[in-house]
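For reference, the structure discussed in these notes is given below.
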Amino acid sequence: MKYFSAEGDTSESVDELFMREALRLAKIAYEADEIPIGAVIVANGQVIAKGYNLTERLHDVTAHAEMQAFTAAANHLGGKYLKGCTLYVTIEPCVMCAGAAYWVQVDRIVYGAKDDKRGYSAFHDRIIHPKTEIKGGVLETDCSDLIQSFFRNKRN
């Protein structure tokens with residue numbers, strides 16, 4: 001796994017830097033004919049885990065980008081809690097992933113585009129741990145364009 005750091009980067013916000021990495025992963029999912037969602041988990045300014053949707057490849061409806069990243073981060077840290085970590089994900093987490101974020105106790109969730117149909121906030125935004133900070137809309141247009149392109153191609 002390639003790790004990189006935000007130290008010394010002044011060209012864009014740190015949140016945008018890490019969201020670009022999540023977008024890169026989402027594009028890998030897109031090319032694999034998976035719903036294009038990517039996720040990275042950052043601790044102390046460094047990516048410690050990555051994931052993208054693998055539901056088709058694994059025949060597993062729970063193999064979302066966030067779930068892949070949570071598992072990788074827990075393995076990297078050697079524990080089940082992700083305190084001090086930030087989850088960057090291209091689309092607002094679904095109810096399942098928001099619930100998992102609650103249980104791993106991630107400090108922050110930064111997402112790109114809102115998901116009005118399946119995002120956690122469409123159902124109940126108290127699913128997120130009360131101490132978790134939420135920030136949406138980071139590179140929203142890029143994240144939204146990618147997923148819309150995927151579904152537009154599926155319809156054609």
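All residue numbers in this chain count up from 1 along the given sequence.
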Student check: side-chain heavy atoms of Ile35 and Thr55 closer than 4.5 Å: no
Quick check: are there more than 12 heavy atoms from other residues, nucleotides or ligands sitting under 6.0 Å from CZ of Arg118?
-> no
Determine whether Val106 and Leu77 fall in the same hydrophobic cluster, where Ile, Leu, Val, Met, Phe, Trp and Tyr are linked whenever their side-chain heavy atoms lie under 4.5 Å apart.
yes
Would you indicate whether the side-chain heavy atoms of Ile48 and Val42 approach each other to under 4.5 Å?
-> no
**Asked** Within a radius of less than 6.0 Å around NZ of Lys27, do more than 12 heavy atoms belonging to other residues, nucleotides or ligands occur?
**Response** no
For this session: For His129 and Lys131, indicate whether the former's side chain and the latter's backbone hold a donor-acceptor pair under 3.5 Å.
Result: yes
> Any donor and acceptor pair, going by atom type alone, linking the side chain of Glu16 with main-chain N or O of Leu139 inside 3.5 Å?
Replying inline: no
Self-check item: Asp115 side chain vs Lys117 backbone, donor-acceptor pair below 3.5 Å
Solution: yes
| request: Examine distances only and state if a side-chain atom of Thr71 and a backbone atom of Met67 form a donor-acceptor pair shorter than 3.5 Å. | output: yes
* Glu140 vs Met19 side-chain heavy atoms within contact, under 4.5 Å -> no
* Would you say the side-chain atoms of Gln68 pair up with the backbone N or O of Tyr52, donor to acceptor, closer than 3.5 Å? -> no
Exercise. Any salt bridge between Lys154 and Asp33, counting N to O under 4.0 Å?
Worked result: yes
Requested in this report: Could you tell me how the ring of Phe150 sits relative to the ring of Tyr30: parallel (under 30°), tilted (30 to 60°) or perpendicular (over 60°)?
Outcome: perpendicular
Exercise. Please check if the side chain of Thr90 supplies one atom and the backbone of Gly38 the other of a donor-acceptor pair under 3.5 Å.
Key: yes
Q: State, with a plain yes or no, whether a side-chain heavy atom of Glu21 is found less than 4.5 Å away from one of Tyr88.
A: no
Give a yes or no on whether a salt bridge exists between Lys135 and Asp15, defined as a side-chain N under 4.0 angstrom from a carboxylate O. yes
Asn53 side chain to Pro36 main-chain N or O, any donor-acceptor pair under 3.5 Å?
no
